[in-house]
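Owing to the predicted nature of the structure, the values given are computational and were not obtained by experimental measurement. What's counted below: heavy atoms across the whole structure, side chains too, no hydrogens, waters or symmetry copies.
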Amino acid sequence: NNKVLPTSPALVQNNQIAVISGKADYRLSFDITPTGTINDYGNILHFTTDNNCCNFGQRSPAIWFHQGTTRLYVAIGDSTDGNWRLDTDALPLNVRTKITLECKGKNVKLTVGAKVYTATQPTYRFAGNLVVYASDPWHPAAKAVISNLRYKILPAAEVNEAVTSQRHYMSNLQDEEMNVAEKENMDN
């Protein structure tokens with residue numbers, strides 16, 4: 001279920017590194033070492049259907065440093081807001097920080113080092129073919145080094161919830177049948 005991406009791509013503007021079949025539920029992780037800042041949004045990674053923003057699928061996800069800082073701008077577009085996002089505190093310069101973005105159902109969890117950011121996404125995320133950039137054609141590349149890049153498709157949350165619900169229903173049904181049988185045995 002891991003999608004094949006280069007594990008340590010160089011961040012260079014317009015650096016297409018893969019085309020993948022993306023899913024709505026996934027875990028993206030990588031280590032990043034910021035080496036400086038720029039006076040623009042510095043792009044790190046961009047998973048897109050075809051363009052920068054803000055149609056459905058164009059930021060699935062897309063990650064930048066904010067202008068002049070190492071604060072992450074993490075866009076995880078959904079069906080009603082192609083630029084729905086989370087922002088983080090600044091990352092330390094010249095220090096490697098592990099980043100994990102996990103999207104499952106409406107739950108979004110972004111782990112930056114030891115700090116965890118969580119949010120509930122209003123609607124559903126894109127699933128389909130995505131072009132992956134490190135970094136994209138529309139912004140200058142961030143001054144950073146990334147490594148251990150991974151994209152893993154997670155089992156769909158809705159399917160798991162439905163299966164769990166069905167198991168719970170069947171378990172309760174079996175309990176009720178056992179209770180009826182026990183009552184009938186007691187009545188005889």
Side-chain angles (χ1 to χ4, degrees), residues 1-78 81-103 108-113 115 117 121 125-154:
N1 255 358
N2 284 316
K3 293 297 177 182
V4 179
L5 297 175
T7 59
S8 301
L11 298 185
V12 179
Q13 188 171 13
N14 199 21
N15 183 19
Q16 181 180 322
I17 60 171
V19 175
I20 66 168
S21 177
K23 299 293 181 190
D25 294 338
Y26 61 87
R27 179 182 308 116
L28 173 66
S29 62
F30 57 95
D31 295 337
I32 188 165
T33 306
T35 58
T37 62
I38 61 174
N39 291 325
D40 199 344
Y41 289 95
N43 186 248
I44 300 163
L45 294 167
H46 196 144
F47 293 64
T48 182
T49 51
D50 62 352
N51 215 324
N52 176 35
C53 190
C54 287
N55 293 328
F56 189 44
Q58 291 181 336
R59 293 186 170 183
S60 293
I63 304 171
W64 294 262
F65 285 139
H66 277 274
Q67 298 166 305
T69 74
T70 59
R71 289 177 46 236
L72 290 175
Y73 178 118
V74 182
I76 313 153
D78 65 29
D81 181 356
N83 196 39
W84 188 87
R85 72 175 205 262
L86 298 173
D87 295 307
T88 73
D89 295 335
L91 278 60
L93 279 174
N94 302 309
V95 174
R96 187 169 61 188
T97 302
K98 178 153 185 74
I99 309 294
T100 303
L101 172 62
E102 186 169 295
C103 299
V108 175
K109 181 169 85 170
L110 176 62
T111 307
V112 179
K115 186 152 188 173
Y117 302 82
Q121 194 150 25
R125 288 176 298 281
F126 179 83
N129 288 338
L130 294 167
V131 178
V132 183
Y133 290 99
S135 86
D136 70 28
W138 308 286
H139 302 88
K143 288 186 178 177
V145 175
I146 64 172
S147 58
N148 300 315
L149 178 61
R150 302 273 184 277
Y151 180 92
K152 180 179 168 97
I153 293 171
L154 301 175

Undergrad: Kindly compute the distance separating CG (L91) from OG1 (T69), expressed to the nearest 0.5 Å.
TA: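 Between L91 CG and T69 OG1, I get 9.5 Å after rounding to 0.5 Å.
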Undergrad: Taking everything shown except D50 itself, do over 12 heavy atoms lie less than 6.0 Å from its CG?
TA: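 More than 12 heavy atoms, drawn from other residues, nucleotides or ligands, come within 6.0 Å of this atom.
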Undergrad: Is the shortest heavy-atom distance from the side chain of K109 to the side chain of T111 under 4.5 Å?
TA: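 K109 vs T111: side chains touch.
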Undergrad: Begin from the C-alpha positions of F65 and D40 and carry the test side chain to side chain contact (heavy atoms under 4.5 Å, CB included) through to its verdict.
TA: CA-CA 8 Å; F65 285 139; D40 199 344; over 6 Å; no
Undergrad: Decide yes or no on side chain to side chain contact (heavy atoms under 4.5 Å, CB included) for T49 and V131, but give the supporting numbers first.
TA: CA-CA 6 Å; T49 51; V131 178; over 6 Å; no
Undergrad: At their closest point, which heavy atom of S21 faces which heavy atom of I153, and how far apart are they?
TA: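 Shortest heavy-atom contact: O-CD1, 3.8 Å.
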Undergrad: If you take all heavy atoms of H46 and N51, which pair is closest and at what distance?
TA: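 It is NE2-O, 3.9 Å.
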Undergrad: I need the R150 CZ to T7 OG1 distance, nearest 0.5 Å.
TA: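 So the gap between those two atoms works out to 6.0 Å.
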Undergrad: Rounded to the nearest 0.5 Å, what separation is found between the CD atom of Q67 and the NE2 atom of H139?
TA: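 Going from the CD atom of Q67 to the NE2 atom of H139 covers 9.0 Å.
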Undergrad: Could you give the distance from CG (D136) to CG (N52), rounded to the nearest 0.5 Å?
TA: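 Nearest 0.5 Å value for the CG-CG distance: 6.0 Å.
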Undergrad: Would you check if the side chain of T35 reaches a backbone N or O of K143 as a donor-acceptor pair within less than 3.5 Å?
TA: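 Looks like yes, one N/O pair under 3.5 Å.
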Undergrad: Quick one: are I146 and I99 in side-chain contact, heavy atoms under 4.5 Å?
TA: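 No, side chains not in contact.
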Undergrad: Does the side chain of V145 come within less than 4.5 Å of I32's, by heavy atoms?
TA: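 Counting from C-beta outward, I32 and V145 never come under 4.5 Å.
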Undergrad: So, do Y151 and F47 have ring centers that fall under 6.0 Å from each other?
TA: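 Judged by ring-centre distance (under 6.0 Å), Y151 and F47 do meet the cut-off.
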Undergrad: Surrounding CZ of R96 (heavy atoms of other residues, nucleotides or ligands, distance under 6.0 Å), is the total greater than 12?
TA: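 No, not enclosed.
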Undergrad: Would you kindly say whether Y73 and N43 are connected by a side-chain donor-acceptor distance under 3.5 Å?
TA: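 Looking only at side-chain atoms, N43 and Y73 do not form any donor-acceptor pair under 3.5 Å.
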Undergrad: State, to 0.1 Å, how close I38 and A141 come at their nearest heavy-atom pair, and which atoms those are.
TA: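 Heavy atoms of I38 and A141 come nearest at CD1-O, 3.8 Å.
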Undergrad: Nearest heavy-atom pair of L130 and G57: which atoms, and what distance?
TA: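 That closest heavy-atom pairing would be CD2-O, 3.7 Å.
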Undergrad: Mind running ring-ring contact (aromatic ring centres under 6.0 Å, His included) on W138 and Y133 for me, showing each step along the way?
TA: CA-CA 10 Å; W138 308 286; Y133 290 99; 5.7 Å; yes
Undergrad: Check step by step if side chain to side chain contact (heavy atoms under 4.5 Å, CB included) holds for K152 and Y26.
TA: CA-CA 6 Å; K152 180 179 168 97; Y26 61 87; over 6 Å; no
Undergrad: So which heavy atom on N83 is nearest to which on C53, and how close?
TA: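 That closest heavy-atom pairing would be CB-SG, 4.1 Å.
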Undergrad: For a quick test of reading the model, state the closest non-hydrogen atom pair linking D89 to Y117 and the distance between them.
TA: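 For D89 versus Y117, the nearest heavy atoms are N-OH, 2.9 Å.
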Undergrad: Looking only at atom types and distance, does a side-chain atom of R85 sit under 3.5 Å from a main-chain N or O of A75, one as donor and one as acceptor?
TA: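 No, R85 side chain to A75 backbone: no donor-acceptor pair under 3.5 Å.
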Undergrad: Hey, what do you get for CG (L101) to CZ (F30), rounding to the nearest 0.5 Å?
TA: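 One finds 8.5 Å between CG of L101 and CZ of F30.
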Undergrad: Would you mind reporting whether I76 and C103 have side-chain heavy atoms less than 4.5 Å apart?
TA: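 In short, these two side chains touch, coming nearer than 4.5 Å.
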Undergrad: Side chains of V108 and L86: closer than 4.5 Å at any heavy-atom pair?
TA: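 They are in contact (side-chain heavy atoms under 4.5 Å apart), so the answer is yes.
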Undergrad: Would you sort out whether V19 and V132 count as a side chain to side chain contact (heavy atoms under 4.5 Å, CB included), showing the intermediate values?
TA: CA-CA 6 Å; V19 175; V132 183; over 6 Å; no
Undergrad: Is there a donor in the side chain of H66 and an acceptor in the side chain of D87, or the other way round, less than 3.5 Å apart?
TA: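 Distance-only check passes for H66 and D87.
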Undergrad: Side-chain contact, heavy-atom cut-off 4.5 Å: S135 with V12?
TA: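 SC-SC contact between S135 and V12 ruled out.
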Undergrad: Evaluate the side-chain proximity of L45 to P61: yes if any heavy-atom separation is below 4.5 Å, no if none is.
TA: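 No, side chains not in contact.
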Undergrad: How about I44 and L11: do any of their side-chain heavy atoms sit closer than 4.5 Å?
TA: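 Yes, side chains in contact.
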Undergrad: Would you compute the distance between atom CG of L72 and atom OG1 of T88 and round it to the nearest 0.5 angstrom?
TA: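 If we round to the nearest 0.5 Å, L72:CG and T88:OG1 are 4.0 Å apart.
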